[in-house]
Amino acid sequence: MIKTKRIADDILSGLERNEFIAFYQPQFDARTHNLVSVEALARWQHPRLGLQTPDAFLAIAEDLNVLATIDRILLDQTLADLRHWDALGLAVPRASVNVSLRRLHDEHLIAGLKQREIEPGRLAFELVESIYLDEQDPVVAWNIDQLKELGIDVEIDDFGTGYASIVSLQRLRPQRLKIDRQLVRPITVDPAQRQLLASIVDIGKSMGIQVVAEGVETLEQASLLRDLGCDVLQGYAFARPMSRNDLDIFLQAQAWRQAS
Ligand code: C2E
Ligand code: CA
């Protein structure tokens with residue numbers, strides 16, 4: 001309890017002191033291994049404890065009602081960093097940000113996005129599956145429609161572990177679905193799991209939805225996922241999440257080409 005209270009206080013002062021930053025994990029075309037996108041992931045530069053990952057602060061931030069604020073900080077940093085890579089001539093075709101449920105209930109979300117000069121096709125929102133439980137909420141449905149109007153792609157995160165149904169895929173028509181890493185992990189050893197993954201790819205294909213595999217840890221998984229028809233791969237096999245400066249160096253060196 002006392003520890004949680006302390007972290008809660010630290011989060012609030014951390015927000016004032018701009019301690020929340022974006023790390024980026026690259027995503028690659030499964031066939032060509034060209035970089036197609038980067039996912040922005042929140043990190044907290046804690047003054048005493050050092051760099052913290054979301055498991056250390058996300059749940060408490062949600063209780064404090066500041067998760068939407070963190071999402072917004074990450075969005076602004078991502079947009080600024082896209083401009084940075086453009087200025088350096090580094091090809092980052094797209095970036096995605098994670099979106100918490102509360103932000104989709106925000107009736108001012110779209111007005112806020114319209115003020116931000118977002119180039120169509122450059123940004124994607126990753127929506128956690130469980131969000132669709134609330135799809136009856138007209139504000140959520142309207143926001144999702146409007147995102148597409150603005151040229152912001154919609155992706156379904158952690159697909160296969162939550163509540164997204166075929167019907168909700170049809171209704172939502174996302175550009176991409178991301179297969180959860182729990183479903184990716186066993187595919188090289190378990191034929192039944194491989195079949196399951198192939199079926200998800202087929203569902204995506206039949207609806208014109210691109211399929212992204214996350215948590216790809218080995219090159220063996222990477223080639224199998226390519227053969228199963230996945231379009232995009234993300235995971236430690238290629239690159240871990242990294243700071244903007246580290247990503248600059250990674251892109252300049254084309255570092256993943258040597259590994260893969
Ligand atoms: P996620 O959206 O499923 O993000 C992928 C997580 O998997 C990241 O953890 C990433 O570091 C990790 N990962 C990437 N490749 C591999 C791999 O090959 N193997 C394994 N085992 N893990 C891999 P991270 O950065 O700790 O983020 C955890 C979760 O926190 C994210 O899961 C996302 O749901 C949430 N999150 C992160 N940033 C934000 C944010 O800005 N806003 C919101 N609302 N949620 C965020
Ligand atoms: Ca995600």
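Both backbone and side-chain heavy atoms feed into the values below; hydrogens, waters and symmetry mates do not. Just follow the structure's listing: the first ligand is 1, and inside any ligand the first atom is 1.
- Looking at every heavy atom in both residues, Leu147 comes nearest to Ile110 through N-CD1, 4.0 Å.
- Every atom of ligand 1 with a heavy atom of Gln25 under 4.0 Å away is listed here by number and element: 14 (C), 15 (N).
- Summary of contacts: the protein heavy atom closest to atom 10 (C) of ligand 1 is Leu41 CD1, 4.0 Å.
- In this structure, atom 27 (O) of ligand 1 lies nearest to the protein heavy atom Pro54 CG, 3.5 Å.
- Residues Ser100 and Asp71 approach most closely at OG-OD2, 2.6 Å, considering heavy atoms.
- No option in Leu224, Ile179, Val216 other than Leu224 meets the side chain to side chain contact (heavy atoms under 4.5 Å, CB included) test with Ile187.
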* Under the salt bridge (charged side-chain N to carboxylate O under 4.0 Å, His left out) criterion, do Asp231 and Lys205 qualify, and how do the steps go? -> CA-CA 10 Å; Asp231 302 290; Lys205 295 262 130 109; 3.5 Å; yes
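- Gln146 places no side-chain N or O within donor-acceptor distance of the main-chain N or O of Trp142, the cut-off being under 3.5 Å.
- Protein heavy atom nearest atom 5 (C) of ligand 1, with residue, atom name and distance: Arg181 NH2, 3.4 Å.
- For atom 11 (O) of ligand 1, the closest heavy atom belonging to the protein is Pro241 CG, 3.3 Å.
- Under a hydrophobic clustering in which Ile, Leu, Val, Met, Phe, Trp and Tyr are joined whenever their side-chain heavy atoms come within less than 4.5 Å, directly or via other members, Ile118 and Trp85 fall into the same cluster.
- At least one N or O atom of Ala42 sits closer than 3.5 Å to an N or O atom of ligand 1.
- Where the criterion is an N or O separation shorter than 3.5 Å, residue side chain and backbone included, Asp157 meets it with respect to ligand 1.
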* Asked: Between Asp55 and Thr53, does a side chain to side chain donor-acceptor pair (under 3.5 Å) hold up when you go through it step by step?
  -> CA-CA 6 Å; Asp55 54 327; Thr53 49; 2.5 Å; yes
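- Atoms of ligand 1 found under 4.0 Å from any heavy atom of Glu214, numbered from 1 in the order shown, are 3 (O).
- At the shortest separation from atom 21 (N) of ligand 1 among protein heavy atoms lies Glu217 OE2, 3.0 Å.
- Linking ILVMFWY residues whenever their side-chain heavy atoms come closer than 4.5 Å, directly or via other members, leaves Leu51 and Met242 in distinct clusters.
- Excluding waters, the set of protein N/O/S atoms under 3.0 Å from the Ca ion (ligand 2) reads Glu39 OE2, Asn98 OD1, Glu126 OE1, Asp157 OD2.
- The side chain to side chain donor-acceptor pair (under 3.5 Å) test with Arg176 singles out one residue from Gln27, Gln210, Glu126, and that residue is Gln210.
- Less than 4.0 angstrom separates some heavy atom of Asp158 from each of these atoms of ligand 1: 3 (O).
- Side-chain atoms of Arg103 never come within 3.5 Å of backbone atoms of Asn98 as a donor-acceptor pair (strictly under, hydrogens ignored).
- Listed by atom number, the atoms of ligand 1 under 4.0 Å from Gly235 heavy atoms are 15 (N), 18 (O).
- Atom CH2 in Trp44 sits 5.0 Å away from atom CG in Asp10 (nearest 0.5 Å).
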* Worked check of side-chain contact (heavy atoms from CB on, under 4.5 Å) between Leu127 and Ile144 -> CA-CA 10 Å; Leu127 312 180; Ile144 291 175; 4.1 Å; yes
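- What you find for Pro26 and Phe250 is that their closest heavy atoms are CG-CE2, 3.9 Å.
- In this structure, the protein non-hydrogen atom closest to atom 34 (O) of ligand 1 is Asn98 OD1, 4.4 Å.
- The shortest contact between atom 16 (C) of ligand 1 and any protein heavy atom is with Tyr236 CE2, 3.2 Å.
- The protein heavy atom nearest to atom 44 (N) of ligand 1 is Asp71 OD1, 3.0 Å.
- Between Arg72 and Asp106, no side-chain nitrogen of the basic residue sits less than 4.0 Å from a carboxylate oxygen of the acidic one, so the salt-bridge criterion is not met.
- Near Glu39, the atoms of ligand 1 lying under 4.0 angstrom from a non-hydrogen atom of the residue are 2 (O), 4 (O).
- Near Leu58, meaning under 4.0 Å from any of its heavy atoms, are these atoms of ligand 1: 30 (O), 35 (C), 36 (N), 45 (N), 46 (C).
- Under 4.0 Å from ligand 1, the heavy atoms of Leu74 that appear belong solely to its side chain.
- Contacts between Arg43 and ligand 1 below 4.0 angstrom, taking non-hydrogen atoms only, involve the side chain exclusively.
- Within the 4.0 Å cut-off (strictly below), a protein heavy atom is located near atom 7 (O) of ligand 1.
- Residue Gln25 is tested with Arg240, Gln234, Glu39, Glu214 for a side chain to side chain donor-acceptor pair (under 3.5 Å); the sole match is Gln234.
- Less than 4.0 angstrom separates some heavy atom of Ser100 from each of these atoms of ligand 1: 44 (N).
- To the nearest 0.5 Å, atoms CD (Glu16) and CD1 (Ile11) are separated by 13.0 Å.
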